[in-house]
*Asks:* 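Please see the structure below; I have some questions.
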Amino acid sequence: MTDGIGLPPEWVARRVVAYDELRSASGSLWWLQSDPDHGGCRRVMRADRSGAAVAVTPPDFSVGGQLHAYGGGAFAVTSEGVWFVGDDGSLLRQAAGSVPEWIDSVVGSAQYGDLAPAPGGGLLAVRGDDTVDEIIAVSRAGHTRVLVRSRGFLGSPRLAAGTLAYVEWQRDQMPWDNTRLVLADIRSDTVGPTRIVAGGSDESAVQPSWGPDGLLYFMSDRTGWWNLYRLRDGVVEAVAPIEADCAPAPWEGGYQPYGFTGDGTVVLTVTDGFATKLLAVDAEGRRRRLGSNLTSVKPYVTVDGSLLAVVGSTTSSPPAIWSIDLAARADAQALPVGKASEFSVPWTPVPPSVETIAGPGGPVRFLLHLPPGDTRPGPLLVRAHPGPTDDVPLRLDWVTQYFVSHGFTVAEVLYRGSTGRGRAFRQSLHGHWGAYDVDDCAAAAEYLLTTGQATPGAVFISGASAGGYTALQAACRPGPFTAATAISAIIDPAWWELSVPAFQRPHAAALRGPVGAVKPEQVRCPVLVIHGSADTITSAEEAMRFAEELASRGGDHGSLLLEGGDHYLSAPLAREQALRAELDFYRRIMSRLPA
């Protein structure tokens with residue numbers, strides 16, 4: 001493929017629309033949408049069964065918050081209207097046909113999040129700051145009451161029949177490592193004694209929900225895999241034992257990777273790190289797959305009567321709202337809530353293959369994207385996802401397609417530490433960050449070189465955030481990589497551990513190993529550093545200082561500071577500039593190759 005029909009970066013930058021926190025209430029679907037056409041503002045959207053979508057919250061109110069650094073559970077729908085968290089962490093409510101009203105304006109570092117409807121009206125929420133978390137009950141009139149207060153972290157408050165379920169973990173732990181699932185009796189004037197029903201030092205029990213049968217359901221990795229369980233008569237029992245993860249790492253609140261149908265069937269997600277399937281398990285334990293045309297599903301499953309809805313995607317379509325008619329047992333249908341393309345894509349994206357090779361620490365798996373219509377080996381781009389506790393969704397991603405359209409073979413590596421492969425694989429990177437992840441990415445590159453699927457001297461690695469640290473450490477090694485791009489990257493894990501929000505600090509401590517900081521004098525190949533000046537998760541100042549030190553040592557290095565850019569380069573202009581700079585960087589390196 002030639003660059004003449006490559007995707008333009010400005011088009012790609014405006015195609016990244018995010019759909020999250022899908023819910024059903026009042027006969028409609030509700031979700032959060034971040035759209036480049038509205039400056040990246042996150043709004044609550046609503047659609048009826050026809051799929052006609054309307055914005056509920058006004059464009060001058062961005063819905064979000066940063067509870068536990070990453071937010072989540074940012075809105076809930078009750079009979080009083082839509083409750084939501086503002087971008088400053090405050091709690092607001094918007095009744096139908098009115099403007100938002102402030103219920104509680106937070107001060108200092110406090111944030112609201114993890115909102116959930118309360119039985120009989122009102123709201124449950126988590127309110128936290130740097131030292132204390134609280135579970136708050138908010139009445140219909142907007143009066144707040146503290147139900148639970150903890151020096152640890154709290155999440156997922158769910159109340160039914162006078163019993164409150166919630167998740168708690170200590171401030172020196174991460175919720176995907178050690179949590180406790182707690183029950184408390186809630187009376188009119190007091191909170192009764194609490195009891196732990198699951199979780200512990202070697203178990204992550206997360207995402208509780210009260211089922212229509214009155215039983216408590218939750219995800220637990222007590223077997224090494226996040227599976228669905230329920231509490232019946234004080235005894236925990238497995239609902240659908242399977243050697244696969246049915247939940248993601250809980251970076252955010254509000255995840256709900258399973259739902260209930262009217263006949264007692266449970267629908268849940270099942271992932272292998274790449275593909276995510278929908279599995280229906282009936283009351284007798286029989287299983288069947290739903291929506292087999294979907295290859296990736298976000299952890300938001302909602303059921304309204306015979307309608308199942310998810311945020312899903314395929315290898316030829318990016319994330320969208322999809323529905324499945326449970327009665328008809330048909331394939332999933334995309335709801336017409338997105339926007340039409342204003343650019344004619346000059347090819348049909350080729351689905352990637354899932355490759356498995358032998359690596360230094362066991363099998364290495366990656367998605368392999370080949371440029372369509374070109375059988376010659378070309379440049380290779382290895383992409384390290386921004387985890388480590390992330391996965392590689394099997395779906396159409398326009399950023400990947402941007403490089404594919406310009407003739408690159410792209411390998412997306414599910415390196416050690418990723419989710420979707422069980423607890424042991426997820427924790428295998430602890431103490432080995434910057435080593436095992438680099439080993440796995442290098443193994444994929446070396447395999448593709450050896451098999452003639454990549455051009456020597458044109459093998460690149462790119463990563464963002466934690467993946468940026470992986471890319472930089474790869475640049476410090478002798479090996480297959482010709483150049484590296486580090487976006488919003490971590491440079492020094494020890495310094496980063498001290499600077500990250502309290503929620504993430506234990507993860508930084510667990511990952512950090514002997515490899516340590518990336519030092520300019522250790523870098524062996526050209527490096528491009530890209531960072532947003534308004535990044536609150538990794539330091540733009542540190543990244544630019546590192547880039548300046550690299551440049552002072554000579555070599556074909558580059559840097560790009562994006563004024564006002566955040567950690568995710570969410571603004572279309574920032575994303576466009578980053579894409580253009582990265583491609584130009586690789587072209588400059590390749591221009592020196594023999595013809």
Side-chain angles (χ1 to χ4, degrees), residues 21-26 30 72-73 75-80 83 113-126 135-140 145 147-148 154-168 175 179-188 191-199 204-220 222 226-240 246-247 250 253-269 280-283 299-305 308-309:
E21 301 198 29
L22 181 66
R23 305 281 185 265
S24 60
S26 304
W30 308 70
F75 81 97
V77 181
T78 71
S79 58
E80 298 88 40
W83 307 73
D114 235 333
L115 309 187
L123 185 79
L124 295 172
V126 176
I135 294 177
I136 306 294
V138 188
S139 71
R140 290 174 179 266
R145 172 192 174 199
L147 300 181
V148 179
L154 299 171
S156 303
R158 302 291 186 267
L159 179 62
T163 302
L164 176 69
Y166 62 92
V167 174
E168 182 178 26
T179 60
R180 297 179 299 278
L181 178 56
V182 184
L183 295 182
D185 295 328
I186 303 297
R187 303 180 179 89
S188 60
V191 177
T194 62
R195 58 192 184 278
I196 299 171
V197 297
S204 170
V206 293
Q207 291 139 23
S209 181
W210 294 99
D213 53 9
L215 302 180
L216 180 66
Y217 290 73
F218 60 94
M219 291 288 179
S220 167
R222 59 180 54 193
W226 268 313
N227 280 187
L228 185 63
Y229 293 83
R230 63 183 160 224
L231 184 68
R232 187 196 300 271
D233 299 327
V235 178
V236 173
E237 60 183 32
V239 175
C246 301
Y255 290 159
Q256 192 62 45
Y258 60 96
F260 307 95
T261 70
D263 63 357
T265 296
V266 181
V267 180
L268 65 155
T269 62
V281 183
D282 67 17
Y300 309 108
V301 175
T302 187
V303 182
D304 184 11
L308 167 69

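These numbers were taken from a predicted model, which means no experiment stands behind them. Hydrogens, waters and symmetry mates are skipped; everything else that's a heavy atom, side chains included, is used.
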*Asks:* Considering only heavy atoms from C-beta outward, does the side chain of V197 approach that of Y229 to under 4.5 Å?
*Replies:* no
*Asks:* Is there a side-chain contact between E168 and V148, using heavy atoms and a 4.5 Å cut-off?
*Replies:* no
*Asks:* What is the minimum heavy-atom distance between S209 and F260, and which atoms define it?
*Replies:* OG-CE1, 3.8 Å
*Asks:* Taking all non-hydrogen atoms of both residues, which atom of G120 and which atom of R140 are closest, and how far apart?
*Replies:* O-NH2, 2.8 Å
*Asks:* Evaluate the side-chain contact (heavy atoms from CB on, under 4.5 Å) criterion for residues E21 and W30: first the C-alpha distance (whole Å), next the side-chain angles of each, then the deciding distance (0.1 Å), finally the verdict.
*Replies:* CA-CA 8 Å; E21 301 198 29; W30 308 70; over 6 Å; no
*Asks:* Return the CD to OG distance between Q207 and S156, rounded to the nearest 0.5 Å.
*Replies:* 6.5 Å
*Asks:* Working to the nearest 0.5 angstrom, can you tell me the gap between L216 CG and R230 CZ?
*Replies:* 11.5 Å
*Asks:* Closest heavy-atom contact between D114 and G155?
*Replies:* OD2-CA, 3.4 Å
*Asks:* Any chance you could measure L123, atom CG, to F75, atom CZ, to the nearest 0.5 Å?
*Replies:* 12.0 Å
*Asks:* Is a donor on one side and an acceptor on the other found under 3.5 Å between the side chain of Y217 and the backbone of V266?
*Replies:* no
*Asks:* Within the distance-only criterion (no hydrogens, no angle test), does the side chain of S204 pair as donor or acceptor with the backbone N or O of P175 below 3.5 angstrom?
*Replies:* yes
*Asks:* What distance do L154 atom CG and I135 atom CD1 have between them, rounded to the nearest 0.5 Å?
*Replies:* 5.0 Å
*Asks:* Do L268 and V239 come within less than 4.5 Å of each other through their side chains, counting heavy atoms only?
*Replies:* no
*Asks:* How about P208 and V167: do any of their side-chain heavy atoms sit closer than 4.5 Å?
*Replies:* yes
*Asks:* To the closest 0.5 Å, what do you measure between CG (L228) and CD (E237)?
*Replies:* 10.5 Å
*Asks:* Measure from NZ or CZ of R158 to the centre of the six-membered ring of F218 and say whether it is under 6.0 Å with the direction within 45° of the ring axis.
*Replies:* no
*Asks:* I'd like to know whether T163 forms a side-chain contact (heavy atoms from CB on, under 4.5 Å) with W210, so could you lay out the CA-CA distance, the side-chain angles of the two residues, the decisive distance to 0.1 Å, and finally the verdict.
*Replies:* CA-CA 10 Å; T163 302; W210 294 99; 3.9 Å; yes
*Asks:* Pick one: which of I186, L183, V182 meets side-chain contact (heavy atoms from CB on, under 4.5 Å) with L164?
*Replies:* I186
*Asks:* Answer yes or no: is there a side-chain heavy-atom contact under 4.5 Å between Y255 and M219?
*Replies:* no
*Asks:* Find the distance between CG (L147) and OH (Y166) and round it off to the nearest 0.5 Å.
*Replies:* 9.5 Å
*Asks:* With a 4.5 Å cut-off on side-chain heavy atoms, are V206 and W226 touching?
*Replies:* yes
*Asks:* Might you point out which heavy atoms bring A205 and L181 nearest each other, and give the distance in Å?
*Replies:* CB-CB, 4.1 Å
*Asks:* Taking all atoms of both residues into account, what is the closest heavy-atom pair of S24 and T302, and its distance?
*Replies:* OG-OG1, 2.7 Å
*Asks:* So which heavy atom on A247 is nearest to which on P257, and how close?
*Replies:* CB-CG, 4.2 Å
